[in-house]
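Read through the structure below, which is laid out as structure tokens, and then see the notes.
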Amino acid sequence: MRLIWGFFLGILILSCDSDRSNRNPFLQEIGFRFDLNLNLPLYSPLTNTGNAVYVNNAGVGTRGAFVINTGFNQFRVFEASCPNHAPNSCSTTELNGQTAICPCEDYEYSLFTGQFLNRPDTGERFYDMLEYRATFSGNVVTISN
């Protein structure tokens, strides 16, 4: 009986995958928590579906974060540092309506999905935006990682 349990335990251990190949090598995943009070003028655009704001407070992500109201009191949050190269002097993406644009290469990302919109066909691996958590309660959006 011990041999059977040992066999199954061995298979279980060997079948666990420790490959983190989906992790973006350019961005650190920094732990933070920040509250956005939608009553404040700086964050009040988030009361309307489709509006986004850039949060550039110290400690929020690597280069800040974009928060967008996707409708029905749902919010999505993405890292503002371009996910396709190491942070540098031009890697902070810029808010352009419902997209974020990396000024280094003019890469565009959807703030509704975080998806890389104008992905080059070079055969290289490219990354979508790093997403953080968002919760909504009362009139406060809490963003965190």
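Just so you know, residue 1 is the first one in the sequence shown, and it goes up from there.
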## Note on the structure
Here the gap from E79 atom CD to L27 atom CG, rounded to the nearest 0.5 Å, amounts to 6.0 Å
#### Entry: Pairs satisfying ring-ring contact (aromatic ring centres under 6.0 Å, His included), at least one member in residues 73-106, at least two apart
F75-F136
## Note on the structure
Hits for salt bridge (charged side-chain N to carboxylate O under 4.0 Å, His left out) against R119, two or more places apart or cross-chain, chain-then-number order -> D128
### Query
Taking the hydrophobic residues Ile, Leu, Val, Met, Phe, Trp and Tyr, and joining any pair whose side-chain heavy atoms are under 4.5 Å apart, which ones share a cluster with I30?
none
### Message
Once side-chain hydrogen bond (donor to acceptor under 3.5 Å, both in side chains) is applied, what residue pairs with a partner in residues 64-73 remain, sequence neighbours excluded?
### Response
none
#### Entry: Residue pairs passing the salt bridge (charged side-chain N to carboxylate O under 4.0 Å, His left out) test where at least one lies in residues 108-118, sequence neighbours excluded
none
## Note on the structure
Contacts of S137 meeting side chain to side chain donor-acceptor pair (under 3.5 Å) (sequence neighbours excluded), chain-then-number -> none
### Donor + acceptor pair across side chains of Q115, Y109 (<3.5 Å)
no
### Query
Going by heavy atoms in the side chains, are Y107 and I101 under 4.5 Å from each other?
no
#### Entry: Pairs satisfying salt bridge (charged side-chain N to carboxylate O under 4.0 Å, His left out), at least one member in residues 56-77, at least two apart
R76-E131
### Query
What pair of heavy atoms forms the shortest contact from S91 to C104, and how long is it?
N-SG, 3.7 Å
#### Entry: Rounded distance [0.5 Å steps], OH in Y132 versus CD1 in I143
9.0 Å
### Message
With salt bridge (charged side-chain N to carboxylate O under 4.0 Å, His left out) as the rule and sequence neighbours excluded, what pairs involving residues 93-107 come up?
### Response
none
### Message
For a quick test of reading the model, state the closest non-hydrogen atom pair linking A52 to L46 and the distance between them.
### Response
CA-CD2, 4.2 Å
### Task
Indicate the atoms forming the closest heavy-atom contact of A80 with T93, along with that distance.
O-OG1, 2.6 Å
### Query
Can you tell me how far the CZ atom of F26 sits from the CZ atom of R23, to the nearest 0.5 Å?
11.5 Å
### Task
Examine distances only and state if a side-chain atom of N24 and a backbone atom of P83 form a donor-acceptor pair shorter than 3.5 Å.
yes
### Query
What are the two closest non-hydrogen atoms of P103 and C90, and how far apart are they?
CG-O, 3.1 Å
### Message
I'd like to know if I68 and V77 are part of one continuous hydrophobic network [Ile/Leu/Val/Met/Phe/Trp/Tyr, side-chain heavy atoms within less than 4.5 Å].
### Response
no
### Query
Less than 2.5 Å separating the SG atoms of C82 and C102?
no
### Query
Looking only at atom types and distance, does a side-chain atom of Q98 sit under 3.5 Å from a main-chain N or O of G50, one as donor and one as acceptor?
yes
Tabulate below the donor-acceptor pairs under 3.5 Å that side-chain atoms of residues 33-41 make, not counting sequence neighbours, or state none.
from: D35; atom 1: OD1; to: T142; atom 2: OG1; distance (Å): 2.7
from: N37; atom 1: OD1; to: N39; atom 2: N; distance (Å): 2.8
from: N37; atom 1: OD1; to: N39; atom 2: ND2; distance (Å): 3.4
from: N39; atom 1: OD1; to: N139; atom 2: ND2; distance (Å): 2.5

### Trace of the side chain to side chain contact (heavy atoms under 4.5 Å, CB included) decision for L95 with L111
CA-CA 9 Å; L95 181 62; L111 292 178; 3.4 Å; yes
### Query
Is L117 close to T99 at the side-chain level, that is, under 4.5 Å between some pair of heavy atoms?
yes
### Message
The criterion is ring-ring contact (aromatic ring centres under 6.0 Å, His included); which residues satisfy it with Y54, sequence neighbours excluded?
### Response
F66
### Query
How far does CZ of R133 sit from CZ of F32, to the nearest 0.5 angstrom?
8.5 Å
### Task
Could you list who else is in F72's hydrophobic cluster, with ILVMFWY side chains joined at under 4.5 Å, directly or through other members?
none
### Query
V60 and A65: which non-hydrogen atoms are nearest, and at how many Å?
CG1-CB, 3.9 Å
### Message
Under the side-chain hydrogen bond (donor to acceptor under 3.5 Å, both in side chains) definition, can you give me all pairs with a residue in residues 41-51, not counting sequence neighbours?
### Response
none
### Message
A side-chain contact here means heavy atoms from C-beta on lying under 4.5 Å apart; do V67 and V55 qualify?
### Response
yes
